[in-house]
Amino acid sequence: MEWKWGFTWEILPSLLWATKNTILATIAGYILAMIGGLVFALMQRTGSKLLGSIIREFIDIVRSTPLLLQIFFLYYVAPEFGLRLSPWVAGISTLGLHYSAYLSEVYRSSLDAVPRGQWEACRALNLSSRDTYIRIVIPQALATALPGMGNYLVSMLKDTPMLSVIGVAELMLTANAIGSEHYRYLEPFTLVGIIFLLLSLPAASLVKLLENRLKTVLGL
Amino acid sequence: MASAHNFPMQLPEPNRPMVRFMNVSKSYGALTVINNLNFEVAEGEMVSIIGPSGSGKTTVLRALMTLEAINEGVIYVDGKPLTHMPKGDKLIPANEKYLRGMRSSIGMCFQHFNLFPHMTALQNCMEGPVQVLGLSKSEARVRAEELLEMVGLIDKKDQHPSRLSGGQQQRVAIARALAMRPKVMLFDEVTSALDPEVIGEVTNVIRKLVREYRLTMLMVTHQMGFARDISDRVCFFYGGKIEEQGPPQELFTRPQRERTRQFLSAIKEAI
């Protein structure tokens, strides 16, 4: 098997187009996960034992079952209960839900890491609980949470190929389609690997940069 | 916390105390930390609380700051119930909304300062006035700068706490608490975490407060000399209640109770 440059250039545009979809799926899924994770983390802190344990159970179930199974469930099983979603919506929702379980754990441990004295100082200053969270606790927790959040961002990016199983035209699906059409897999899959590397590595250093920047801004 | 029966809805004028603990008890499971305490602090009075560890002295301040809920009794501030709120003709445990209405009249400084690390000294002092009292940024800034000037740290106003020494952080914490214009200030072992050579800069600020402000102050301290110098009254706590109290000269020179004598002589030996 020999590397064919002509073929490489020929398929590159459609792979780049698919890259756009991979990035979109990652960004949309991650935004969902960030919000969902925060909701789960805060709901565990409401003080309601029942609500707390329901959320805990849910998080454990999500984290202990394969992402692929969850994608199949939302796409193939949910319609039997009347919830019919397009591949894109089902895929992004599953990614978001799956990772919100992980991110809620990152948030939870970062919130727990904010010293008790900070909460007490807020109470002594009579800050509302909203201001306590938004202005005092979350900014400090964010500095602790960022490395973990960055890991899961890269992780989610690498999980987007799973969406190919329900027909989301991301990188993997596109490369596979090219391969089966031309009976050549070397170039498309190698390119996919390179593109993932080119996305993951800068994403990781971007997070590192953000982390340092945040620490400077917060004076920590 | 149970509803309180047979407690007054408010304390009668005149001469009503600024702070009043009425039959207050607090326990953690089987451990009683405040035991049916009755205790008053008059307006403008400086009261020091001394006693062995575990005597409940810090819990008294924390209960007054509503950081801990009490199990029995009622605490009044400025004549009004703090831990409870009126409902019909009885007092029921206060909800968060009621506490938010009452809490701004109390300020507290902590052993470990608890400054907000992501804010400068100035921002720390502006946070409460802007967010809670609704002052404009410029009003809050003027107030914060005055107070930082008063504690001698105006040149450090743009520094984050991590760039300040312990003594400086504690002075900022005092300015931050005062910026809320509380009627009652609580000092919880504010010099205990400091290196000996900077304790003076914090105690000097508190001395200045006693001289220049008509604030009601309650201080838990291990600095006996300091307590003796500046207090109107010293309370010796033992087993969750006041074992003995009086003017500092009397309590320190002629303690009446055996436990007070033991405590004071143990402290003397430590020095």
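Chain A is the first sequence line, chain B the second, and so forth, proteins listed ahead of strands; every chain is numbered from 1.
- Taking 4.5 Å as the heavy-atom cut-off, the residues of residues 108-126 of chain B that approach chain A are B:M108, B:F110, B:N114, B:L115, B:F116, B:P117, B:H118, B:M119, ordered by number.
- By the neighbour-count criterion of 12 heavy atoms within 6.0 Å, atom NZ of B:K208 is densely surrounded, having more than that number from other residues, nucleotides or ligands.
- For B:R100 against A:L127, the heavy-atom pair with the smallest separation is NH1-C, 3.3 Å.
- Looking at B:L67, the atoms closer than 4.5 Å to chain A (heavy atoms on both sides) sit in the backbone and in the side chain alike.
- Contact tally against chain A (heavy-atom pairs below 4.5 Å) for B:I106, B:T66, B:L186: the top residue is B:T66.
- Note on B:R176, B:M102, B:M180, B:E96: by heavy-atom pairs under 4.5 Å with chain A, the leading option is B:R176.
- Summarising the local packing, OH of B:Y28 is surrounded by more than 12 heavy atoms from other residues, nucleotides or ligands at distances under 6.0 Å.
- Of residues 131-164 of chain B, those residues with a non-hydrogen atom less than 4.5 Å from any non-hydrogen atom of chain A are, in numerical order, B:Q131, B:V132, B:H160, B:S162.
- Of the atoms belonging to A:Q140, it is side-chain heavy atoms, and not backbone ones, that fall under 4.5 Å from chain B.
- Within the 4.5 angstrom heavy-atom criterion, only side-chain atoms of A:R116, from C-beta onward, approach chain B.
- More than 12 heavy atoms of other shown residues, nucleotides or ligands fall within 6.0 angstrom of atom OH in A:Y76.
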Discussion item. Run A:E120 and B:R62 through side-chain contact (heavy atoms from CB on, under 4.5 Å) and show every step you take.
Written reply: CA-CA 10 Å; A:E120 294 184 347; B:R62 294 175 59 83; 2.6 Å; yes
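- More than 12 heavy atoms of other shown residues, nucleotides or ligands fall within 6.0 angstrom of atom CZ in A:R63.
- Enclosure of atom CZ in A:R213 is not indicated, since only 12 or fewer non-hydrogen atoms of other residues, nucleotides or ligands lie within 6.0 angstrom.
- Counting heavy atoms from C-beta on, the side chains of A:R123 and B:M65 never come closer than 4.5 Å.
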